[in-house]
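Here is the structure we will look at, set down as structure tokens.
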Amino acid sequence: MPDIQFHFTEEQRQFRDMLRRFMAAASPTSEVRRLMDTEPGFDPAVWRRMADELGLAGLMIPERYGGSGFGLVELGLAMEEMGRVLLCAPYLASAVLAANALCRIGSEAQKQRWLPGIASGETLATLAFAEPGSEPGVEPIAMQAAAMDGGHSLTGCKDCVVDGCNAHLLLVAARVEGRDGLAGLSLFAVAGDAPGVSRRRLQVLDPTRQLARLDFEGVPAELLGGLGEAGPALAETLDIGAIALANEMAGGAQRLLEDTLEYIKLRMQFGRAVASFQAIKHRCAELLLQVELIKSAAYHAAQVADANPEALAYEASLAKAAASEAYLHAAIEAIQLHGGIGFTWDQDTQLWYKRAKSSEVLLGDPAWHRERMIQCLEGRESTSAPTGALA
Amino acid sequence: MPDIQFHFTEEQRQFRDMLRRFMAAASPTSEVRRLMDTEPGFDPAVWRRMADELGLAGLMIPERYGGSGFGLVELGLAMEEMGRVLLCAPYLASAVLAANALCRIGSEAQKQRWLPGIASGETLATLAFAEPGSEPGVEPIAMQAAAMDGGHSLTGCKDCVVDGCNAHLLLVAARVEGRDGLAGLSLFAVAGDAPGVSRRRLQVLDPTRQLARLDFEGVPAELLGGLGEAGPALAETLDIGAIALANEMAGGAQRLLEDTLEYIKLRMQFGRAVASFQAIKHRCAELLLQVELIKSAAYHAAQVADANPEALAYEASLAKAAASEAYLHAAIEAIQLHGGIGFTWDQDTQLWYKRAKSSEVLLGDPAWHRERMIQCLEGRESTSAPTGALA
Amino acid sequence: MSASAEAAVRDEVRAWLNDHWDPNAGLVEWRTKLVESGWGAPDWPTEWHGRGLSAELTRVVEREFARIGAVGVATGGIRLLAAATLLEHGSEAQKAQFLRRILTGEDVWCQLFSEPGSGSDLAGALTRAEFDGQRWTVNGQKVWTTSAHHADWGLLLARTDWDAPKHQGLSYFVIDMRQPGVEVQPLKQMNGYASFNQVFFNDAEVKAEHLVGKLGQGWTVAMTTLAHERRRADGLRSGRADVASEARQRGTIHEEEAQETATVMAPYKWYPQRAGRVDLALPNALASGRIGNPALRQELARLLILSSSAEWTARRARAAQQHGQPQGPEGSLGKLAASHVARLAARVHTMIAGADALLAGEDGPENGLIAEILLSVPAVSIAGGTDEIQRNIIAERVLGMPKEPRFDQGPFRDVATNASRD
Amino acid sequence: MSASAEAAVRDEVRAWLNDHWDPNAGLVEWRTKLVESGWGAPDWPTEWHGRGLSAELTRVVEREFARIGAVGVATGGIRLLAAATLLEHGSEAQKAQFLRRILTGEDVWCQLFSEPGSGSDLAGALTRAEFDGQRWTVNGQKVWTTSAHHADWGLLLARTDWDAPKHQGLSYFVIDMRQPGVEVQPLKQMNGYASFNQVFFNDAEVKAEHLVGKLGQGWTVAMTTLAHERRRADGLRSGRADVASEARQRGTIHEEEAQETATVMAPYKWYPQRAGRVDLALPNALASGRIGNPALRQELARLLILSSSAEWTARRARAAQQHGQPQGPEGSLGKLAASHVARLAARVHTMIAGADALLAGEDGPENGLIAEILLSVPAVSIAGGTDEIQRNIIAERVLGMPKEPRFDQGPFRDVATNASRD
């Protein structure tokens, strides 16, 4: 297994600097506030530039399908920068979840058919796996795919589908009869506007991330890859998504810390800057530690995912659980340190708070991921034995 | 059900004041340090005075058996004051656990035979229930009582028996064959020096509390009350013990806070008192809150135990879980706020830290008690519905 | 309190209620009777609409009202804080003008202390009041004002001397809220509601006789208002309201009272103090089936421990007061506890909701209620005095720890403020 | 670093080792060769036993030593902090007297900074050094000194001017520990071990030429020592030690080195930095069967998350340095993380042990190891700089937050100290 790197290469740092400049210009909070009230919830022009100028839409898609063929480390960097600015875009849905699912599950012909469109940003895709009230992960998927005319048809409901209303291509996880757990899961492709699909944009706690409920009524669907064989790759895809999300969360947490510091260094109370009070200073020191810790977890998970896929599940759960608690903590502290202004609508901190809150439960809440870490260790599903470095 | 009181009566306050004076004189830390290295681990002269002058040994024993017939509220006050001074005495063993078990389980004749001695302090008794490696509570008790000559004999091992080496009278919980859970448990009386009983003082983390391992080899034992009927009363006895312990812990936590405040108000660093640093002040404020919260939980549980026994299990678990985390937190903070001197052997804070640590797991660790609270609520074993007062 | 005194009061109020209570009277008509008899505010002094009774005997009176379902005087909003402040510091003329209409509910009051530049640091107020020999002219901005949009009168803290040290340059006024120089704007919170307002003063006027206390002693007067506010911040329902009515309520007066209550309570929808909603946790965990999740069980138990202990701590503090111990800063402990409770409650609600915590409005759990809780919790530890201020109060006033070094003690003109940094 | 420079160094050291390495040489004899050749401390300057190599090239040398299992220079205790300080601030005579014997291991060193009255506030030292024209006389008390009982030399911070401000009245000395005026007493910790000593000076003497740096500039010199100490506090093994030997160790020199290590490490049994023992948590949870407890599983996962993240954070900081970014106060972040790890580890160990957490010594879990962990953890957040000090450093030096207002800036004589309060 290749060495895990604890620093970014010069190229990666340049990539990040470029992204940071782009995102700062493309997604000021005024723009975030404007977009979150629009119907698609993102700016198609910015999305096109992200795809065309930066190659972001196909970042992890192999070059032979029109992508850039980068790994999760670079994707993590991109997610981190998007998280910093609360970018409103169907990136997690299309470039992370759907692209990875197609790469891992689709046949060669299917990849050739769909990946170039995703990589160019023309095709927006998403992955529909969760169902109303279901627990995290892919094991609880219950939707049944029925055989129909030599193909399959889907009936049932998918919930909390990220950018489900925006997607041209829906990748839908469903079950062939009589199997459970990872076994018996298949992935199907359905056009977003296919007859029998009704899509409803959901009212969300975090308006910077679009979710949809999709109802399928006997919708003809194209099987991706082998029947009943998609389970492990679907689980991996969600783990990739969790790592990407953890990196996004690290970026958001870092931004919260920076903005809060900037504010309290200027804000006067009792004739002195709020930042000069020792109790505040000590909490900010702890906050920096939390932010650095989740960056480490998020970066490490991305490195491991590229270098040592057997450890993917353990590392993904570690990073997601770490990021969930720390990002929310950072958001709570940020509001608190802003004082009253912090919980007003017009102050921006609340936007990150809502993203932190939605990120906490998206792709599995921290308690679920912690439990899963231990299952990985028990089952030796992970070869990355945790180390007691500080002993 | 009688009203729960949220204040102590004038008589109770006087009782507490008297106890506080007695304990301060009888148990300075120099005395605690001396006694913890002695064989019995307590001062028989102080124990006699506690029984004779203050009536403490028989506090909860009905007057007709030579006790004072007080309730758990008064016992809680006494425990709180003992916890303040880390009193080394077989009080929890004899006056709380054994006295309550006998009162609840023994026949009239058995009560007449043993309770007066316990009440006078002459007889030291203890309750032996836990076994090596067993989970908390009485359900896991596995020791079997065998029928012998119309009576019973005991074989097996009891672990972590409080003051087990000091006790003249051992109350031993054991099982009649083929039953589990609360059903089928019986309580037996054995003389501490009975043939076939080997007792060994255990090396302990907290030297202010004596623990013993007791091995029984076919020891004839007298059944208390009805065969196989002791389970519920044993569970109640442990709950009484947990509430008493929670009150002891509240007293210890309060003392830690007071001693720490006294120290840091005098201790100078950087030309100012340590207590003047805002970060320190804020942590002390939180510490006070924690201490007040566990006092409330401990006092409330004692009141409820007297007024509404159906809620005993829920309240006991609530108080014990609350006190376990907060007392340990107080001890950790106390050491931290003392700085380097705080973790030296010669400074007294470490004595309370060790008591906090031992109290955390004695009679069930906090996670076990929290789980049990929810079981109580699910089973409606408790009629004390928790209220959301702050909603 | 002697049992005989208690019995005497009980008999007297019972007889009076028997003679006068009429569930079909008009609300103001009935409360006017209460004010005249002294039974509406029995703990107030006899010269001002009360009977000078102790807290214990006042409770006896309240129980009699509750027993037959008789309506009491108006208590909503901050009017009782206004009354307490005026009783202690107001002129005779002010008491005569305001106290009666506070009790009858004819006037609505609001509190104008906080400013955008001085939230925790109330004494740093920058709103100025200038006297031209006849009247005061007020300019500046206040914030976090509940009910300002339908208030008749405001309790205003304003700076009248910029050369005095910070705490000595403030004065306390009653300001007429129904005048052109006062503009009220709702302040939208992150949860979408507007529990508070901003109030802008542009040459607003205050009559000379509406200065409360002496010139430059506004901070002392404000401390009275704040002490009464903190007393109510212990997380328990306030004194009068927690005597639950045992009688079925009937008669038109109750409809009129219900309408009044609805108006007063409207801004309190998702007012910070409502956040947390511990009461929903167990039922929701049971109903959702997630009660079986062991990690949730641990957190739920933690929440019940914390919220119960906090409630009992507040009850201990109140019981101590009822038994004659002096009012202490227990409100600060209760306020701090409420922050912990709210945060933990949010955590538990999230665990119960699972992925549905992503959803709000009609799509969200309990029709959006859970999302509203999650978006309201951050305010609990800020509104009504931040946790940081409560910790300062506890450390200094309860634990006797040294005060912070001060940087704001010279003439206020020279103190660094947010305005001076802008 | 160019690959060719790397290859050149590798070839050179390999050739030298090939010619000189002898596993049966005496330890001092071999190290003397290292010192003379410059291969023992390749990053030291060429004029002082080194070769002036970069950190990267030094690592290349260390790998070659590790590859064949060759013994290096002495690194135990604080001798490398002493060396770094002397290299930066020492006189030529001091370097000549001390540096060689530091590397050969012939001299043991200790650090005499902390005092009972000034733990976090090192610059508040009250130990005094007075000059009589010929030599310095030292009186006072130091504490938290590791290895003082077998040290030959001590790094002493003492006050030489009571009228100067606190930080300007200190001077830095090398003191001979083997003299009658120096008394060393072990300091027993709450876990029963004595990792530290107290050192009492009663008219102890220091030669005039053993003043390090200028008179009154002791604080500046001490900062060098502390910076090197913090650099090693990132929770990872220190530079030299983490190049694990790939060769089997054979020959008498290893026995001699093992004995040296045992002596140096003896006081570190349950030295605070050893507390926590995260490595034991998972195996113990599996072995005890308590891994099935869902509450434990959650806490264990939390612990693994925290300790892994802390390790990776330290590795990121080190990698950044290796790639040329300046050394920052990352040590403070690592130190703070270690406190969190240790406390959480204690919690997890307790949950795994259950009621057996009551027991110690041979009766306790793992023959008392768990009890020792539980009783050692409180020191982690104090020893080597309290968490509070680390948070100050992080807030001020990393986050750029304002410094605390100071109360100790006049002549030290007038500053409130613990001595002046006694």
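Reminder, nothing fancy here: chain letters follow the sequence lines and each chain counts from 1. On a predicted model such as this, the values are computed, not experimentally measured, just so you know.
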inquiry  = Just so I understand: if I count every heavy-atom pair under 4.5 Å between each of Gly271(A), Cys160(A), Pro136(A), Gly364(A) and chain C, which residue has the most?
reply    = Gly271(A)
key: For chain A, the option from Pro116(C), Ala383(C), Gly364(C) that forms the most heavy-atom pairs under 4.5 Å   = Pro116(C)
ask   = For Ile389(C), is it the side chain, the backbone, both or neither that has a heavy atom under 4.5 Å from a heavy atom of chain A?
value = side chain
query = Restricting to pairs with a member in residues 323-342 of chain A, which pass salt bridge (charged side-chain N to carboxylate O under 4.0 Å, His left out), not counting sequence neighbours?
reply = Arg283(A)-Glu333(A), Glu325(A)-Arg370(A), Glu325(A)-Arg347(C), Glu325(A)-Arg302(D)
inquiry  = So for Leu328(A), is it side chain, backbone, both, or neither that comes closer than 4.5 Å to the heavy atoms of chain C?
reply    = neither
inquiry  = For chain A, which candidate among Ser381(C), Gly124(C), Ala371(C) shows the most heavy-atom pairs at distances under 4.5 Å?
reply    = Ser381(C)
message = Between Phe277(A) and Glu388(C), is the side-chain contact (heavy atoms from CB on, under 4.5 Å) condition met? List the steps.
response = CA-CA 10 Å; Phe277(A) 286 97; Glu388(C) 289 72 24; over 6 Å; no
query = Are Asn418(C) and Arg267(A) close enough that some pair of their side-chain heavy atoms sits under 4.5 Å apart?
reply = yes
Segment of Glu299(C) engaging chain A (4.5 angstrom heavy-atom cut-off) = neither
query = Nearest 0.5 Å, what's the CG-CD1 distance between Leu337(A) and Ile382(C)?
reply = 9.0 Å
ask   = Are Leu359(C) and Gln203(A) close enough, and set up right, to give a side-chain contact (heavy atoms from CB on, under 4.5 Å), and what steps lead you there?
value = CA-CA 6 Å; Leu359(C) 304 178; Gln203(A) 295 182 60; over 6 Å; no
request  = Decide, yes or no, whether a salt bridge links Asp408(C) with Arg272(A) under the criterion of side-chain N to carboxylate O below 4.0 Å.
outcome  = no
ask   = Looking at Gly361(C), Gly117(C), Ser114(C), which one has more heavy-atom pairs under 4.5 Å with chain A than the rest?
value = Gly117(C)
message = Nearest 0.5 Å, please: how far is CG in Asn191(C) from CH2 in Trp345(A)?
response = 9.0 Å
ask   = Given that the side chain runs from C-beta out, which part of Arg200(A) has a heavy atom under 4.5 Å from chain C: side chain, backbone, both or neither?
value = side chain
ask   = Just wondering, more than 12 heavy atoms not from Glu262(A) lying within 6.0 Å of its CD?
value = no
query = If you measure from OG1 on Thr344(A) to CE on Met190(C), what distance do you get to the nearest 0.5 Å?
reply = 9.5 Å
Heavy-atom proximity to chain C below 4.5 Å, by part of Ala279(A) = neither
request  = Could you tell me which portion of Leu211(A) (side chain, backbone, both or neither) has an atom closer than 4.5 angstrom to a non-hydrogen atom of chain C?
outcome  = side chain
inquiry  = Set out, in order, the CA-CA distance, both residues' side-chain angles and the distance that settles side-chain contact (heavy atoms from CB on, under 4.5 Å) for Lys188(C) and Asp346(A), then state yes or no.
reply    = CA-CA 8 Å; Lys188(C) 193 173 170 189; Asp346(A) 289 341; 5.9 Å; no
ask   = Any idea which heavy atoms bring Arg406(C) and Phe270(A) closest together, and the distance?
value = NH2-CD2, 3.7 Å
inquiry  = Do Leu358(C) and Val204(A) make a side-chain contact, defined as non-hydrogen atoms from C-beta onward lying under 4.5 Å apart?
reply    = no
ask   = Counting heavy-atom pairs under 4.5 Å to chain A, which of Thr350(C), Thr386(C), Val143(C) comes out on top?
value = Thr350(C)
ask   = Quick one: what part of Asn293(C) sits under 4.5 Å from any heavy atom of chain A, side chain, backbone, both or neither?
value = neither
query = Is there a side-chain contact between Met268(A) and Asp121(C), using heavy atoms and a 4.5 Å cut-off?
reply = no
query = Are any non-hydrogen side-chain atoms of Leu205(A) and Leu375(C) less than 4.5 angstrom apart?
reply = yes
Pairing residues for Trp144(C) by the ring pair (Phe, Tyr, Trp, His ring centres under 6.0 Å) criterion, not counting sequence neighbours = Phe343(A), Phe196(C)
message = Using a 4.5 angstrom heavy-atom cutoff, name the option from Val377(C), Leu187(C), Leu374(C) with the most pairs to chain A.
response = Leu374(C)
inquiry  = Less than 4.5 Å to any heavy atom of chain C: does that hold for the side chain of Glu360(A), its backbone, both, or neither?
reply    = side chain
note = Residue from Gly340(A), Gly342(A), Gly133(A), Gly339(A) scoring the most non-hydrogen pairs under 4.5 Å with chain C is Gly340(A)
note = Honestly, the part of Ser359(A) sitting under 4.5 Å from a heavy atom of chain C is neither
inquiry  = Please identify, among Gln350(A), Gln269(A), His338(A), Glu135(A), the residue contributing the most non-hydrogen atom pairs under 4.5 Å to chain C.
reply    = Gln269(A)
request  = Heavy-atom distances under 4.5 Å only: say whether Ala295(C) touches chain A with side chain, backbone, both or neither.
outcome  = side chain
ask   = If you round to the nearest 0.5 Å, how far is CG of Asp363(C) from CZ of Arg201(A)?
value = 11.0 Å
message = Are the side chains of Val361(A) and Asp356(C) in contact, using a 4.5 Å heavy-atom criterion?
response = no
